[in-house]
Q: 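Shown below is the structure under consideration.
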Amino acid sequence: MKIFLYGIREDEKNYLKEWTDVHPEVTIAYTDQFLSTETAELAKNYNGVVTLQMQPYSREALQNLHDFGINKISVRNVGLDGFDFQDLRDLGFSLTNVPVYSPNAIAEHTTSLILRLLRRVPEFDKKFNNADYSWFPTIGEEINGKTVGIVGTGHIGSVVARIMQAMGAKVIAYDIKPNPYLENLGVYVDSLDEIFKQADIITLHTPLAKKDVHMIDADAIAKMKDGVVIINAARGGLIDTEALIAGLDSGKIGGAGLDVLESENDVFQKKFNSLDDVKDPQFKALINRDNVIITPHTAFYTTTAVHNMVFDSLTDNLNMLEGRKPKYPVDLSEE
Ligand code: NAD
């Protein structure tokens with residue numbers, strides 16, 4: 001079997017070698033370029049394709065793969081936003097993704113955002129860089145004893161719940177489909193409003209369904225406790241960024257830890273010469289605050305996660321090619 005991979009980064013190459021060491025019967029080749037109408041040609045004479053990209057997959061690119069006899073695509077991450085499922089159905093493709101590659105990576109990152117905000121690390125870093133090694137007045141807060149509100153308790157949110165409980169927080173959670181393990185611990189409240197009302201720290205771990213765009217808007221923020229800390233390592237669109245900025249300006253929001261932003265595609269994964277070159281006004285309105293920490297969608301980015309993304313996508317592509325049931329099939333009838 002022969003599999004072609006698109007969008008391969010330097011840090012993925014070791015895991016490609018590890019995978020082919022386990023599957024010497026499979027030939028792989030790769031490019032750092034994304035799958036497009038032009039680059040589809042590279043996969044000619046291969047049986048399957050593995051990809052990862054943020055921008056849309058054009059119908060022409062898929063048509064070209066189809067014309068080369070390729071009909072199995074595996075995506076190395078969760079997101080399927082780039083695909084038009086109708087195109088995939090029309091052209092007879094089967095698709096897999098990697099919906100779970102390391103929930104701990106994102107849960108630990110979430111925890112680090114909370115800790116860094118509560119212990120005022122950006123302010124201490126600034127002082128330290130100016131040879132100011134004094135404590136006062138940069139006093140921190142503890143997670144122990146705080147009420148942490150978790151919205152969405154799937155793979156990631158449930159790990160955040162365990163970590164927060166281990167650190168002594170009172171965990172409350174809201175999920176449209178509560179998970180039995182956490183239900184037994186009695187953490188669920190009946191509504192988002194109850195999370196807004198009770199939580200000192202609110203952390204979001206839901207997908208971005210259309211109905212959940214701007215789940216955190218001005219009305220929601222108005223219902224929150226004064227000084228609330230908001231963490232978003234889920235999807236940028238869950239928060240109305242203008243409302244967040246207004247909440248930070250007024251002091252209603254005490255801190256924000258953001259690994260995802262509504263307009264992140266304009267900024268993240270890009271290297272600028274200086275902040276002056278970044279044009280996104282919302283990013284600029286957030287970046288220079290002592291009580292805001294932004295990370296460029298790196299919550300997932302650990303060696304464990306990258307290993308699993310490479311291994312699971314390649315293995316599932318091979319599973320499909322050899323007629324076995326893949327671990328993570330995507331139901332193309334859904335959209
Ligand atoms: P998951 O599907 O395992 O869990 C999501 C949970 O949210 C489910 O239990 C679901 O019932 C619940 N839910 C859905 N809509 C809800 C709503 N309106 N209110 C309350 N609960 C709701 O997903 P996951 O793997 O835990 O991922 C969670 C989020 O993290 C996703 O948005 C995903 O895209 C994001 N993510 C971010 C990174 C990163 O690097 N920052 C990496 C991976 C995943």
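Counting convention: from 1, in listed order, for ligands and their atoms alike.
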Q: Do you see a donor-acceptor pair shorter than 3.5 Å between the side chains of Q86 and D90?
A: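 Result is yes, a qualifying pair exists.
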Q: Suppose we measure from atom 35 (C) of ligand 1 to each protein heavy atom; which comes out shortest, and what is that distance?
A: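 The closest one turns out to be A234 O, 3.6 Å.
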Q: Could you please spell out the steps behind the side chain to side chain contact (heavy atoms under 4.5 Å, CB included) verdict for I172 and T147?
A: CA-CA 7 Å; I172 57 171; T147 299; 3.9 Å; yes
Q: Could a heavy atom of A209 be found less than 4.0 Å from some atom of ligand 1?
A: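 The answer is no: ligand 1 sits nowhere under 4.0 Å from a heavy atom of A209.
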Q: Which of the atoms of ligand 1 are close to G152, meaning less than 4.0 Å from one of its heavy atoms?
A: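 Once the distances to G152 are compared, the set is 7 (O), 21 (N).
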Q: What's the shortest distance from atom 41 (N) of ligand 1 to any protein heavy atom, and which residue and atom give it?
A: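 Sorting protein heavy atoms by distance from atom 41 (N) of ligand 1 puts D259 OD2, 2.8 Å first.
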Q: Test your reading of the model: is there a side-chain donor-acceptor pair from N308 to the backbone of Y101, 3.5 Å cut-off?
A: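 Yes, the answer is positive, given that a donor and an acceptor are paired below the 3.5 Å cut-off.
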Q: Hey, does the side chain of S58 reach the backbone of A61 with a donor-acceptor pair shorter than 3.5 angstrom?
A: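 Answer holds: yes.
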Q: Which residue and atom name correspond to the protein heavy atom nearest atom 5 (C) of ligand 1, and how close is it?
A: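 Going by distance alone, atom 5 (C) of ligand 1 is nearest to H205 O, 3.6 Å.
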Q: At a 4.0 Å cut-off, with the gap strictly under it, does some heavy atom of D212 reach an atom of ligand 1?
A: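 It does, in that a heavy atom of D212 comes within the 4.0 Å cut-off of ligand 1.
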Q: Do me a favour and list the nearest non-hydrogen protein atom to atom 24 (P) of ligand 1 with residue, atom name and distance?
A: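 Scanning the protein heavy atoms, the shortest distance from atom 24 (P) of ligand 1 goes to I156 CD1, 3.8 Å.
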Q: Just go through L238, V98, T153, T206 and tell me whose heavy atom is the nearest to atom 31 (C) of ligand 1.
A: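 Residue with the shortest heavy-atom distance to the ligand atom: T206.
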Q: Can you name the atoms of ligand 1, numbered from 1 with element, that are less than 4.0 Å from a heavy atom of R235?
A: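 Reading through ligand 1 atom by atom, the close ones are 32 (O), 34 (O).
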Q: Would you check whether L208 reaches within less than 4.0 Å of ligand 1, judged by its heavy atoms?
A: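 No heavy atom of L208 comes that close to ligand 1.
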Q: Quick one: which ligand 1 atoms are inside 4.0 Å of a heavy atom on F300?
A: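 Near F300, the atoms of ligand 1 are 40 (O), 42 (C).
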Q: Pull out every atom of ligand 1 sitting under 4.0 Å from any heavy atom of K211, numbered as shown with elements.
A: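 The atoms of ligand 1 under 4.0 Å from a heavy atom of K211 are 18 (N).
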Q: For F196, is the NZ or CZ atom of K223 found under 6.0 angstrom from the centre of its six-membered ring and inside 45 degrees of the ring axis?
A: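 Judged by the rule (NZ or CZ under 6.0 Å from the ring centre, within 45° of its axis), K223 is not positioned above F196.
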Q: Minimum heavy-atom separation for D331 and F85, please, with both atom names.
A: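 Closest approach of D331 to F85: O-CE2, 3.8 Å.
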Q: Are there protein heavy-atom neighbours of atom 2 (O) of ligand 1 below 4.0 Å?
A: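 Under the 4.0 Å cut-off, atom 2 (O) of ligand 1 has no protein heavy-atom neighbours at all.
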Q: Would T298 count as being in polar contact with ligand 1, using the rule that some N or O on each side must be under 3.5 angstrom apart?
A: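 T298 vs ligand 1: no N/O contact under 3.5 Å.
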Q: Among all the protein's heavy atoms, is there at least one whose distance to atom 21 (N) of ligand 1 comes out below 4.0 Å?
A: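 When distances to the protein are checked, atom 21 (N) of ligand 1 has a heavy atom within 4.0 Å.
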Q: Using a 4.0 Å heavy-atom cut-off, which part of Y301 comes near ligand 1: side chain, backbone, both, or neither?
A: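 Y301 to ligand 1: no contact under 4.0 Å from either part.
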Q: Could you tell me which atoms of ligand 1, counted from 1 in the order shown, lie closer than 4.0 angstrom to a heavy atom of Y101?
A: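 Numbered from 1, ligand 1 contributes 42 (C), 43 (C).
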Q: Any side-chain to backbone donor/acceptor pair from E183 onto Y188? Under 3.5 Å, distance only.
A: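 Not a single qualifying donor-acceptor pair exists.
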Q: I need the minimum non-hydrogen distance between L321 and M1, along with the two atoms involved.
A: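 For L321 and M1, the tightest heavy-atom pair comes out as O-CE, 3.6 Å.
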Q: Students should be able to answer this: which protein heavy-atom is nearest to atom 37 (C) of ligand 1, and at what distance?
A: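 For atom 37 (C) of ligand 1, the nearest protein heavy atom is A233 O, 3.2 Å.
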Q: With a 4.0 Å cut-off on heavy atoms, does H109 reach ligand 1?
A: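 Outside the 4.0 Å threshold, so no.
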Q: Under 4.0 Å, heavy-atom basis, I'd like to know which part of I176 is in contact with ligand 1: side chain, backbone, both or neither.
A: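 Both the backbone and the side chain of I176 come within reach of ligand 1.
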Q: List the closest protein heavy-atom neighbour of atom 9 (O) of ligand 1: residue, atom name, distance to the nearest 0.1 Å.
A: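 Closest protein heavy atom to atom 9 (O) of ligand 1: D175 OD2, 2.7 Å.
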